[in-house]
Amino acid sequence: MPRCTAFSRPPAVETWAPISTVTSMRFRFAPSPTGVLHIGGARTALYNWLASRGEKGELVLRLEDTDPERSTEENVASILEALEWLELDWDIGPLRQKEREDRHRECVQQMLESDLAYRDPASAEEVASWKKENGNRGYRGKGADDPSAAVRLRVPDEGETVVRDEIHGDVSFPNSAIDDFVIARSDGSPLYNLAVAIDDLDMEITDVVRGDDHLSNTPKQILVMEALGTTPPRYAHLPLLHGPDGKKLSKRHGADSVQALRDSGYLPEAVRNYIALLGWGTEDDETLLTTEDLIARFRIDRVGKAAAIFDEQKLRWMNGRYMRGLPVDDYTARVAAFIDREVDDRLRDACEMAQEKAQTLAEVWPLIGYLFEEPELDEKAWRKVMKEGSADLLESSHSALADLEGFGVPEVEKALEQVVVDSGAKPGAVYQPVRVALTGGSVSPGIFETVSALGQEQTLSRIEAAIDRCRSEQGATG
RNA sequence: GGCCCCGUGGUGUAACGGUUAGCACGCCAGGUUUUCAACCUGGUAGCGCGGGUUCGACUCCCGCCGGGGCUACCA
């Protein structure tokens, strides 16, 4: 059996570690730049990252860009940006598969010369009809002396190819059902199943961790490796991620890309924690796990087999937990970056006040914006809150607050509580109108904090404006 | 159609040949003499179906049903 002896030579990319230094496990994350990094891809990246850190191994980042039609530089940049935001790094790369085309062509040539592969001009239609006539068996071409024909690998008719999978166990595929698949196009350019096999071999990848959608491709890659006289790495095929409708995650599922998650105000550490739990869980059911915990506890062989549905509600909850656990300065810095504002004491105080309320960075500004600009009135909230006696209660609140010397939370609290006592109204009947008057909406931080933070002057003038509006509305309708 | 994978509450998961099938999100109901998306307490809800194996099956085997992937000179 002829071998592709060139495998023993160090790959021609300087960022690679010398093969002699490979002592432990080497993982790889190999996204195709044919689109942005979506949640499923992010999880695959995370699992590879966790495993490579946990096992004291290495991680290779490789861009599978052998499809010139669909691969773009924009996608490459987007994927890199997504990984950076997720704070996932790698040891080797980013490598580009396209740059290794010579190597791939060289292997094809060798396989051709040793008759492990052959040229076949058959079109897709011809292959289809062949299969139809042959009871759906794997396609076997006759081979032709046509230098411009695509190259197919010779797949044996007998036996089976077994994928040894860390998650699924052994999965076997009858060779007779596998087509003599194309490994190089008519123009000689290498195809995915060939390039992946050669690169995983050359880069001495010990563990291939990727999505379940590749499980059916794996025997083909193993066949390539066997044709080249080498043994395949270990595999682990992750169950796919589905959208809320149970279908494969796609664009229409909303927050599907990493950037969309970022722009929705989620924290990278929360996203990591959340997606780590999609398909994997600990023995003791811990839910909130720091990245250190994840690295220490993640086990690829404990990953489940069933597809999981991405549930944004749980991510929101988890994100809120992380938000509330942040030191105020850190919290403020993240909010500032998110809303594109400078950090200052005012913002810091506002953030501190809002911290226990917001679940995402995007929810912070709506809670504190009234401190920085005239709020926009939420008509619905106004109608819900402003009842018949509201104007009078607002006036009571106004005078109680106007009399105040200090305007700290304790003073405000005491004053407004007195209004409640004196009026005999329910607390909500007193506080909600004030809240709407000040913030425009019915949701804000605690009412005393909300009032105190705005300051006496602004508070009084906004309450006055609200009273005016109440009166005029009553006049108009009554 | 062919090959392959998967199937614990609405969602993510845990455990296990013998448990009242656990945890978390959600949801519902209270509580927080201030809204609420935060917080606290309680509650609701599950082993897809049918056969086996077994003293005993969610757990092992088979069939079915359901979902998914691959089946490109895409990755």
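Chain naming here is simple, since letters A, B, ... match the order of the sequence lines and numbering starts at 1 in each. All values reported here derive from a predicted model rather than from experimental measurement.
- With sequence neighbours excluded, no residue forms a side-chain hydrogen bond (donor to acceptor under 3.5 Å, both in side chains) with A:T287.
- When heavy atoms are screened at a 4.0 angstrom cut-off, A:S32 is found touching the sugar-phosphate backbone but no base atom.
- Considering only residues two or more places apart in sequence or on other chains, A:D146 meets the side-chain hydrogen bond (donor to acceptor under 3.5 Å, both in side chains) condition with A:S148.
- Atom name C1', nucleotides B:rC61 and B:rA14: the rounded distance is 25 Å, in whole Å.
- The base of B:rG22 sits with one of its N or O atoms less than 3.5 Å from a complementary donor or acceptor on the side chain of A:D285.
- Residue-to-nucleotide proximity on RNA chain B shows that, of A:R302 and A:P31, the 5′-proximal contact is made by A:R302.
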Contacts under 3.5 Å, N or O only, protein and nucleotides 34-39 of chain B:
from, atom 1, to, atom 2, distance (Å)
B:rU34, O2, A:R435, NH2, 3.4
B:rU34, O2, A:I447, N, 3.3
B:rU35, O4', A:Q432, OE1, 3.4
B:rU35, O2', A:Q432, NE2, 2.8
B:rU35, N1, A:R435, NH2, 3.3
B:rU35, O2, A:R435, NE, 3.4
B:rU35, O2, A:S442, O, 2.3
B:rU35, N3, A:R435, NH1, 3.3
B:rU35, N3, A:S444, O, 3.4
B:rU35, O4, A:K357, NZ, 2.5
B:rU35, O4, A:S444, O, 3.1
B:rC36, O2, A:K357, NZ, 2.5
B:rC36, N3, A:K357, NZ, 2.5
B:rA38, OP1, A:Q359, NE2, 3.1
B:rA38, O4', A:E356, O, 3.4
B:rA38, O3', A:R324, NH1, 3.2
B:rA38, O3', A:R324, NH2, 3.1
B:rA38, O2', A:R324, NE, 3.4
B:rA38, O2', A:E356, O, 2.8
B:rC39, OP1, A:R324, NH1, 2.8

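- Applying the salt bridge (charged side-chain N to carboxylate O under 4.0 Å, His left out) test to residues at least two apart or on different chains, the pairs with a partner in residues 375-385 of chain A are A:E379-A:R469.
- One finds a side-chain N or O of A:R185 lying less than 4.0 angstrom from the OP1 or OP2 phosphate oxygen of B:rC74.
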Next item on the list: Report the C-alpha separation of A:D180 and A:R154 in whole Å, then their side-chain angles, then the decisive distance to 0.1 Å, and conclude whether the salt bridge (charged side-chain N to carboxylate O under 4.0 Å, His left out) test is met.
Entry: CA-CA 5 Å; A:D180 279 1; A:R154 278 195 199 290; 5.3 Å; no
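- For B:rA38 and B:rA29, the P atoms lie 15 Å apart once the distance is rounded to whole Å.
- Spacing between B:rA57 and B:rG69 at atom P, rounded to whole Å, works out to 35 Å.
- Residue pairs meeting the salt bridge (charged side-chain N to carboxylate O under 4.0 Å, His left out) criterion with at least one member in residues 163-174 of chain A, sequence neighbours excluded, are A:R164-A:D170.
- In this entry the distance linking CG of A:N273 with P of B:rC25 reads 13 Å, nearest Å.
- Note on A:G135: nothing from the nucleic acid sits closer than 4.0 angstrom, heavy atoms only.
- A 6.0 Å sphere centred on CD of A:E283 holds more than 12 heavy atoms belonging to other residues, nucleotides or ligands.
- No contact: A:H237 has no heavy atom under 4.0 Å from any strand.
- On the P atoms, B:rU44 is 46 Å away from B:rC3, given to the nearest whole Å.
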Next item on the list: Might you work through the ring-ring contact (aromatic ring centres under 6.0 Å, His included) test for A:W280 and A:F298, ending with a clear yes or no?
Entry: CA-CA 8 Å; A:W280 172 77; A:F298 181 73; 5.3 Å; yes
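- Within 3.5 Å, a donor on the side chain of A:S186 pairs with an acceptor on the base of B:rC73, or the reverse.
- Looking at every heavy atom in both residues, A:S390 comes nearest to A:V385 through OG-O, 3.5 Å.
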Margin query: If a pair means Watson-Crick or G-U wobble with both distances below 3.5 Å, what does RNA chain B look like in dot-bracket form, with | marking bases paired to a different strand?
Written below: (((((((..((((....[...)))).(((((.......)))))....(((((..]....))))))))))))....
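- Between B:rC27 and B:rC36, the two P atoms lie 14 Å apart (nearest whole Å).
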Next item on the list: Determine, stepwise, if the pair A:Y118 / A:D145 fulfils side chain to side chain donor-acceptor pair (under 3.5 Å).
Entry: CA-CA 9 Å; A:Y118 61 93; A:D145 193 20; over 6 Å; no
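- Atom name P, nucleotides B:rU20 and B:rC58: the rounded distance is 13 Å, in whole Å.
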